[in-house]
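What follows is a short report on a single structure.
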Amino acid sequence: MNPFRSVGARLSLALLLVVAGVLGFVYLFVVPSLESRLVHAKLSQLERAAPSLAKQVFSLPQFEWDAFAENASASANARVVLYTIISPPLAVAVASDSRQAAPSTDVAHDKLATQAALTLERASGTVTRRGERFAEAAVPVSFDGPILLLSASLHDSLGNVHLVQRRLVLAGLLALLVALVVGYGGAHVFARRLRRLERAAERIADGKFDEPVADTGRDEVGELARTFDRMRRRLARLDHARREFITNASHELRTPLFSLGGMLELLTDEEVDEATRREFLETMRGQVARLAKLATELLDLSRLDAGHLAVEREPVPLAGVAQAVIDEFAAVARTEHRPLELEADGDVVALGDSQRVLQIGRGLVENAMRHTEAGTPIRVRVFSTEEHAALAVEDEGGGIAPEHGGHVFERFYRVEGPQASGSGLGLAIARELAELMGGTLGVESSPGRTVFTLALPAAPHAAERAPEVVRP
């Protein structure tokens, strides 16, 4: 794998760019702003001092200017220069300079002093002399002169700014290095956790569900790892159920096929009496029905998965459906000495597919018989609520163990009972059919009572309603 395309490299590069961006912003905007503020502060200081000094000069004779300039320089913390105005042409000439020990050639033609002489107004700004910047303020003392100039070097102030710039560059380089190391190290740890998840996903994809997906982190990666582990456990259960289903389906197919083959052979090769022949035919009819049921379940399952199973939404009288189910199982109930009763709460009409509702009701009653002892009462109840019409199948068996309660609607899941058999698909298909019709299928179980309830939308009270076909 290209190291520059790894998560660690990308995260560290992102951190590097963030730090570099912050430092660049400070260097390009904050430092110049600091420099501008220092220059502005110096100019403001000179502009405030210049008018009061100009008033003092106004009343002094010219021979006292040198002493004044020297004293004013100390009080204003700036170089003080006095110019006289020469015309024509209009120009200024140095008359007094607080730097008496050195010549005044550097300020002889100062542009701000000349500007103040030309306009007879204050002038301020910065000038550069011999490679050094100065803040200056020039004020005309009177209409015919002199011109007072205050000049202060910006060397110390700007030197501090330049020191900040140099230290900022050094600190920035160090910060970038630390960001690179820390970012890459942290990202490497983060990427290692992602690689563990990648390996776990590959194991799951290969069908190896025995090793848990472990990550103790409390962040998004930790949540993802825990989600992966939940998926692993569900897939493990599904894989186990699939294997169980293959075994059960093989048994479900093999047993009736062997039975049918043996009986056909006996009917063909042996002389049997009429009673035995009828018994054989009845048994063969039951085995064929068993095979047909399994084939129907598998076909429904494939159609549900493919989204090709359509249901209608039309008014369905649930009492009639419940009575049809009871009539279908009445003979078996009498054989097992099992009370099978109907409790209908008036005329309850649901909105659904009558054939699919009958299929669900038939499956629930068959499930109750399969998982309870002979003689256990079973009740089929029909009732309504404000928004739903419901069909419930209740038995007085031993109930569903808590460890099985959350899985009874899973595909291929089988809860063993006194007469346990089947593919483990009936309840799963029933719930999916209920949801396809806009309803729900739920279960409540406790020792001595188990209730499966199919709740469907209640049909409107309108007399006629055109059937509505619903596809998944």
Side-chain angles (χ1 to χ4, degrees), residues 29-168:
F29 295 98
V30 176
V31 172
S33 175
L34 175 62
E35 179 179 337
S36 176
R37 286 176 179 272
L38 291 174
V39 171
H40 180 72
K42 196 66 175 178
L43 286 174
S44 298
Q45 175 191 347
L46 297 179
E47 289 171 352
R48 288 193 302 269
S52 61
L53 294 177
K55 291 181 181 179
Q56 298 177 32
V57 174
F58 181 77
S59 60
L60 292 177
Q62 186 170 356
F63 68 85
E64 293 184 5
W65 285 0
D66 288 341
F68 168 80
E70 185 175 356
N71 294 330
S73 174
S75 63
N77 194 23
R79 182 178 180 183
V80 178
V81 183
L82 290 170
Y83 296 89
T84 56
I85 299 177
I86 303 173
S87 61
L90 186 64
V92 292
V94 177
S96 181
D97 189 349
S98 61
R99 283 178 47 185
Q100 299 177 6
S104 303
T105 55
D106 58 333
V107 294
H109 304 288
D110 188 88
K111 66 177 183 179
L112 292 177
T114 302
Q115 179 182 344
L118 289 172
T119 61
L120 295 178
E121 294 180 354
R122 300 177 186 178
S124 62
T126 60
V127 298
T128 302
R129 294 193 294 268
R130 299 174 183 175
E132 185 177 351
R133 288 184 68 188
F134 294 85
E136 293 186 346
V139 179
V141 175
S142 63
F143 290 106
D144 56 353
I147 303 298
L148 172 68
L149 175 70
L150 299 182
S151 178
S153 174
L154 295 173
H155 178 270
D156 293 338
S157 299
L158 297 181
N160 292 332
V161 175
H162 295 154
L163 178 62
V164 170
Q165 286 180 316
R166 289 193 297 272
R167 292 186 175 179
L168 182 62

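Excluded from the calculations below are hydrogen atoms, water molecules and symmetry mates; all remaining heavy atoms, backbone and side chain alike, are included.
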Q) Below 4.5 Å, heavy atoms only, C-beta onward: do V81 and S104 meet side chain to side chain? A)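 Of all side-chain heavy-atom pairs linking S104 with V81, none is under 4.5 Å.
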
Q.
Per the side-chain hydrogen bond (donor to acceptor under 3.5 Å, both in side chains) rule, what does the pair list look like for residues 38-60, sequence neighbours excluded?
A.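 As it turns out, the side-chain hydrogen bond (donor to acceptor under 3.5 Å, both in side chains) pairs with a partner in residues 38-60, which skip direct neighbours, are E47-S124.
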
Q) Does any pair with a residue in residues 113-122 pass side-chain hydrogen bond (donor to acceptor under 3.5 Å, both in side chains), and if so which ones, sequence neighbours excluded? A)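 Sorted pair list comes back empty.
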
Closest heavy-atom contact between [X] and [Y]?
X    : Y    : answer
Y83  : D110 : OH-CB, 3.6 Å
A113 : I147 : O-CG2, 4.0 Å
V92  : A117 : CG1-CB, 3.6 Å
V80  : A69  : CB-O, 3.8 Å
S73  : A78  : OG-O, 2.7 Å
A54  : V141 : O-CG1, 3.5 Å

Q) Who are the side-chain hydrogen bond (donor to acceptor under 3.5 Å, both in side chains) partners of D66, not counting sequence neighbours? A)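 Checked D66 against side-chain hydrogen bond (donor to acceptor under 3.5 Å, both in side chains); matches are S96.
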
Q: With sequence neighbours left out, write down each residue that passes side-chain hydrogen bond (donor to acceptor under 3.5 Å, both in side chains) with R99, or none if nothing qualifies.
A: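 Scan of R99 (side-chain hydrogen bond (donor to acceptor under 3.5 Å, both in side chains), adjacent residues dropped) gives none.
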
Taking atom [atom1] of [X] and atom [atom2] of [Y], what is their separation to the nearest 0.5 Å?
X    : Y    : atom1 : atom2 : result
W65  : L148 : CH2   : CG    : 10.0 Å
F68  : L82  : CZ    : CG    : 6.5 Å
L154 : T126 : CG    : OG1   : 7.0 Å
S151 : L112 : OG    : CG    : 9.0 Å
L150 : L43  : CG    : CG    : 11.0 Å

Q.
Show me the pairs that pass salt bridge (charged side-chain N to carboxylate O under 4.0 Å, His left out) and involve residues 68-86, at least two apart or across chains.
A.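 Every salt bridge (charged side-chain N to carboxylate O under 4.0 Å, His left out) pair that includes a residue of residues 68-86, provided the two are not neighbours, is R79-D97, R79-D106.
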
Q: Could you list all the salt bridge (charged side-chain N to carboxylate O under 4.0 Å, His left out) pairs where at least one residue sits in residues 137-165, not counting sequence neighbours?
A: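 Of all non-adjacent pairs touching residues 137-165, none passes salt bridge (charged side-chain N to carboxylate O under 4.0 Å, His left out).
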
Q: Output all residues satisfying salt bridge (charged side-chain N to carboxylate O under 4.0 Å, His left out) with R37, sequence neighbours left out; order by chain, then residue number.
A: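 Scan of R37 (salt bridge (charged side-chain N to carboxylate O under 4.0 Å, His left out), adjacent residues dropped) gives none.
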
Q.
Going by side-chain contact (heavy atoms from CB on, under 4.5 Å), name the residues that satisfy it together with A93, two or more places apart in sequence or in a different chain.
A.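 So A93 forms a side-chain contact (heavy atoms from CB on, under 4.5 Å) with T84, I86.
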
Q. Can you name the residues that form a side-chain contact (heavy atoms from CB on, under 4.5 Å) with T128, not counting sequence neighbours?
A.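 Expected list: R133.
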
